[in-house]
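Quick note: residue numbers are just sequence positions, from 1. This structure is a prediction, so every number in the text was calculated from the model and none was measured.
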Amino acid sequence: MDTVYAIVCHDMPSTMWYHYGATQARRLEGELDVKLSAFNKLCAGYEAAGREGMHAGAEHLSTTKATEIEALLTRLSDINDDMGSQLGGTHDSRSHLLARHRDILQVTKA
């Protein structure tokens, strides 16, 4: 988990913390959207060039981008889990928002 995120959340009341977590989740989802789109374009370019057209730097770049995406997915999963623990089983608008963030995470992982 992001150290700054953990420090900020530790000192917040639970409702305020939950909204901060939701904001962070939306930011990560947007960042994932951009990175996944760029990664798809990168992979499509590799497919068009063929395996022979790839050079070592290009393969390293794709591996690096995949690692960045995996790290973002892990952070988003951690935030979702933290938000869920703050809810403590309540069923209100926050639980629906959390379900939406979890759905987005599952779709993105697929």
(message) Using every non-hydrogen atom in the two residues, find where Leu42 and Ser62 come nearest and quote the distance to one decimal.
(response) CD2-CA, 3.9 Å

(message) Measuring from atom CZ of Arg27 to atom CD1 of Ile79, what distance do you get when rounded to the nearest 0.5 angstrom?
(response) 7.0 Å

(message) Looking at every heavy atom in both Ala25 and Asn80, which two are closest together, and how far apart are they?
(response) CB-OD1, 4.3 Å

(message) Is there a path of hydrophobic side-chain contacts, each under 4.5 Å between heavy atoms of I/L/V/M/F/W/Y residues, joining Phe39 to Ile104?
(response) no

(message) In the structure I gave you, are the side-chain heavy atoms of Arg26 and Leu76 within less than 4.5 Å of one another anywhere?
(response) no

(request) Please report the C-alpha distance between Asp33 and Ser37 in whole Å, then the side-chain angles of each, then the deciding distance to 0.1 Å, and finally whether the side chain to side chain contact (heavy atoms under 4.5 Å, CB included) criterion is met. (result) CA-CA 6 Å; Asp33 217 19; Ser37 177; over 6 Å; no

(message) Distance check, rounded to the nearest 0.5 Å: Thr63 atom OG1 versus Glu68 atom CD?
(response) 11.0 Å

(request) Calculate, to the nearest 0.5 Å, the distance between atoms CG and CG belonging to Leu72 and Leu28 respectively. (result) 6.0 Å

(message) Under a 3.5 Å distance rule, please check whether Thr23 uses its side chain to pair with a backbone N or O of His19 as donor and acceptor.
(response) yes

(message) Going by side chain to side chain contact (heavy atoms under 4.5 Å, CB included), Ser77 matches just one of Leu73, Asp81, Thr74. Which one?
(response) Asp81

(message) Distance check, rounded to the nearest 0.5 Å: Thr67 atom OG1 versus Lys65 atom NZ?
(response) 10.5 Å

(message) So, taking the atom named CG in Leu36 and the one named CD1 in Ile69, what distance separates them when rounded to the nearest 0.5 Å?
(response) 4.5 Å

(request) Any chance you could measure Lys41, atom NZ, to Cys43, atom SG, to the nearest 0.5 Å? (result) 13.0 Å

